[in-house]
Amino acid sequence: MKLAQVIVDVPTMQTDVPFTYSIPQSLLDRIKPGMRVIVPFGNGGRKIQGFVIGFTDHSKYRLKPISAVMDLTPVVDDELLQLSKWLAKTTFSFRISCLQTMLPSVMKAKYAKRATLLKPINDPKVKQLFDHQASLTYRPNKLTPDQQALIYQLRQRGLIKVTYLVKNQARSEMVNAFTSRLPVARIKYLLKAISTRNVGQVTLLRFLLEHPTGTYKIAEVTKYRQHLSSSVINQAAKKGWLKKLKVRKYRNPYKQPVKKNHPFKLNSDQWHAVNQIDSSIVNDQFAVYLLEGVTGSGKTEVYLQAISKALQQGKTALMLVPEISLTPQMVTWVKGRFGDLVAILHSGLSSGEKYDEWQRIQSGNAKVVVGARSAIFAPLKNLGIIIMDEEHDTSYKQEDTPRYQTRSVAKWRGKYYHCPVVLGSATPSLESRARATKHVYHLLRLPHRINHQALPTVHIVDMRKEIMKHHGINYSSALLDAIKLRLKRHEQVVLMLNRRGYSNFVMCRNCGYVPKCPNCDISLTFHWHSHSLRCHYCGHEEPIPRTCPKCGSRKIRYLGTGTEQAELELKRFIPGIKIVRMDVDTTSRKGAHARLLHEFGSGYANVLLGTQMIAKGLDFPNVTLVGVLNADTSLMLPDFRSEERTFQLLTQVSGRAGRAKKKGEVFIQTFNPDNYAIRLAQQQNYERFYLIEMTRRHALNYPPYYYSVRLTASSKNRRLAIASMASIKQYLQTRLSPQTIILGPAPSAITRIKQRYYFQMVIKYKHEPNLQETLDYILNHYQIGVRNGLFISIDPNPVNFM
DNA sequence: AGCACGCCGACT
DNA sequence: GTCGGCGTGCTC
């Protein structure tokens, strides 16, 4: 007896195990592991989606049969099934959540219910709800309580039947196409027999003669062939000349053709790096390479040539980049080199486009994938290389469940396929660089810029002195002079406003009062457009108070530096200056990012002003000046990695200046001109920074000397949360070694969100072989009654401790 | 998650 | 008496 093991779409602790179902005879030969199925679940007749993960031949339960199979071929292959298991275990998340994050969002089922009247009912309320129809399809939570009650009553009285629907959103756009049915000899005969006045038919027959086999999209053929129209094709179909059918249309997110580019000649450092990586590809060897290259050292070319090697070997390649640097420029590079073999996955695509790109990968038509974080799950088979560009970037860590670190998943897949993983960065994370020192990773260095380009000159401007000079808060006179000089020379300027961990808020300059969210207890953010205060966590909005609610003073006003304010201020200092502003507000719309960059790249604007998002991957030859308006904000964060972040950001943004022939200049404005992170970023001295920072981390018992796990508990009941945390800490202390450090429990940085209280503990350890079991035990035993009790989440290796 | 079941108070 | 509120337990 063949029975299916199914992971059901119910993300809870109790249902996080395979459920066994019987397989109806009709599905027996179609059903395979990795397919999605629809199964009955529970005693209310509910139907839900599930994933078949395997088969078994016996079960102690009374089994229900699988209702339907949703896929023709498996959507998750054996490798990804195994990966989902590992991922669920190591990130303390549900198997179903892992499976779902590995797939395009459209493959997640949407649920609806349908109520069908068993006989006509003459109640006006019922008629209104059913819109005079016999059945109503609805989402329960979209109905008003009254409507829900009405349906409940009708059901109780046996007047309606309720069925459950599982909707598959994954749909491909289909277009009309045709294929020839005529043998060549017959076409030749017809061409002679038909009058040449039938222009359409003759043209069609000639087309069929040229293309005796194959399927052609009607829209495309009629567009490029004169005299050939859809009516001609329809007529021909009736005559039996050709067969009409539907084919999938791939929604291609990059319509404009890209210019082909060719491999560059490598310098000796690049050559050495490519050689090393290639040997791992050729020898089917898992190895992690850390490619440490200064900005402008030609890392991209190393990646491209390594990918090329993998393709030559008949393998596939996966290249990950931070979301923000997945710019049209980067896409042009890869598409230009590998053409239609490339699939792109990033958040700018519509869900339909993402699904189509996923299909191209799944079917084997795309062999090179470039994408942001979640692309690490791209269904490539026979991987030959995995590349992570800017490996230190924090966007590689998923911040909600499953809280995976892309680097770990990359290594897992690299081991599975016996292929190299290349981590590239100008400023590697200390974790990775330390592993290279210990020879766990192979260090490959590119210490020179290509074509012996000089590094830009970096000036540090002491803002403590500047603040006295004038009323502006964003621009030192040195930076303003430098900007004016570029305008005169018709060169361009990039200005960055460091907004990491920073928000614009309103403060009373008399008493220091800051308006906070009544639900979440965090500072409200000032919004220029709506002229109101908003909570970033829950969306609460309120007007700006005219007088301080605490002291009554009228000196309550907007404080801090936003990009809008920086833009206005610069326009005041330099009238007529053309600025392209890039921040969350201006880039939220689809395609806006590319449009703004194009606007700047075309030379229309003098200045590109933006937040961190401009620091990465941009390459404009006419930019000779980069200004960092406030280097400090990221230094102020209560986070042990703030120096590392600041160093990385400043180094990266400095690399934006002078990438072509013209020499670049950088101004870093700061209130902490002597800070080592700022000083060493000025010198672009990563190795020195690494040594100093490692000493500090060692002294303070921080990563990479220690591993860390953050445990967060939340509850509506504040005292319950505190008490549980205390008892969890006690339990941990009995189970873990005495050298392990437990910080907290302490209120989280966001103490309260949506009426729930958050508390956290951080476990710092060097060696804890039983940590996995210990934490599993805590999840199973302390998380009692998620609804009103305590909810626990665990984040292994959190990116920050806040 | 979402459903049924069961226990309790308050309504025609 | 029963309607409907919420707390609890279970789903192959």
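The sequence lines fix the lettering, A, B, ..., with proteins before strands; numbering per chain opens at 1. Worth saying up front: this structure is predicted, and the values here are computed from it rather than measured.
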>> Students often mix this up, so state it plainly: with edges at 30° and 60°, are the rings of Y731(A) and Y782(A) parallel, tilted or perpendicular?
In response: tilted
> Between atom OH of Y707(A) and atom CG of N797(A), what is the distance when rounded to the nearest 0.5 Å?
Replying inline: 8.0 Å
> In Å and rounded to the nearest 0.5 Å, what is the NZ to CZ distance from K113(A) to R46(A)?
Replying inline: 9.5 Å
Under 4.0 Å: is that the gap between some side-chain N or O of [X] and OP1 or OP2 of [N]?
X       : N      : result
K47(A)  : dC3(B) : no
Q153(A) : dC3(C) : no
Y164(A) : dC3(B) : yes

[X] [atom1] - [N] [atom2] separation (whole Å):
X       : N       : atom1 : atom2 : answer
N43(A)  : dC3(B)  : CG    : C1'   : 6 Å
D16(A)  : dA1(B)  : CG    : C1'   : 14 Å
Y111(A) : dA1(B)  : OH    : P     : 13 Å
R139(A) : dA1(B)  : CZ    : C1'   : 13 Å
Y152(A) : dG2(B)  : OH    : P     : 17 Å
N717(A) : dG7(C)  : CG    : P     : 13 Å
I66(A)  : dC12(C) : CD1   : C1'   : 11 Å
F41(A)  : dC10(C) : CZ    : C1'   : 8 Å

> With a 4.0 Å cut-off on heavy atoms, is Y21(A) in touch with a base, just the backbone sugar-phosphate, or nothing at all?
Replying inline: sugar-phosphate
>> Mind checking if S59(A) touches a base, just sugar-phosphate, or nothing, with heavy atoms under 4.0 Å?
In response: nothing
>> So if I take every side-chain heavy atom of Q14(A) and compare against dA4(B), dC12(C), dT11(C), which nucleotide ends up nearest?
In response: dT11(C)
> Does D77(A) use its side chain to pair, donor to acceptor, with the backbone of P379(A) at less than 3.5 Å?
Replying inline: no
> Regarding K2(A) and the six-membered ring of F55(A), is the cationic atom NZ or CZ under 6.0 Å from the ring centre and inside 45° of its axis?
Replying inline: yes
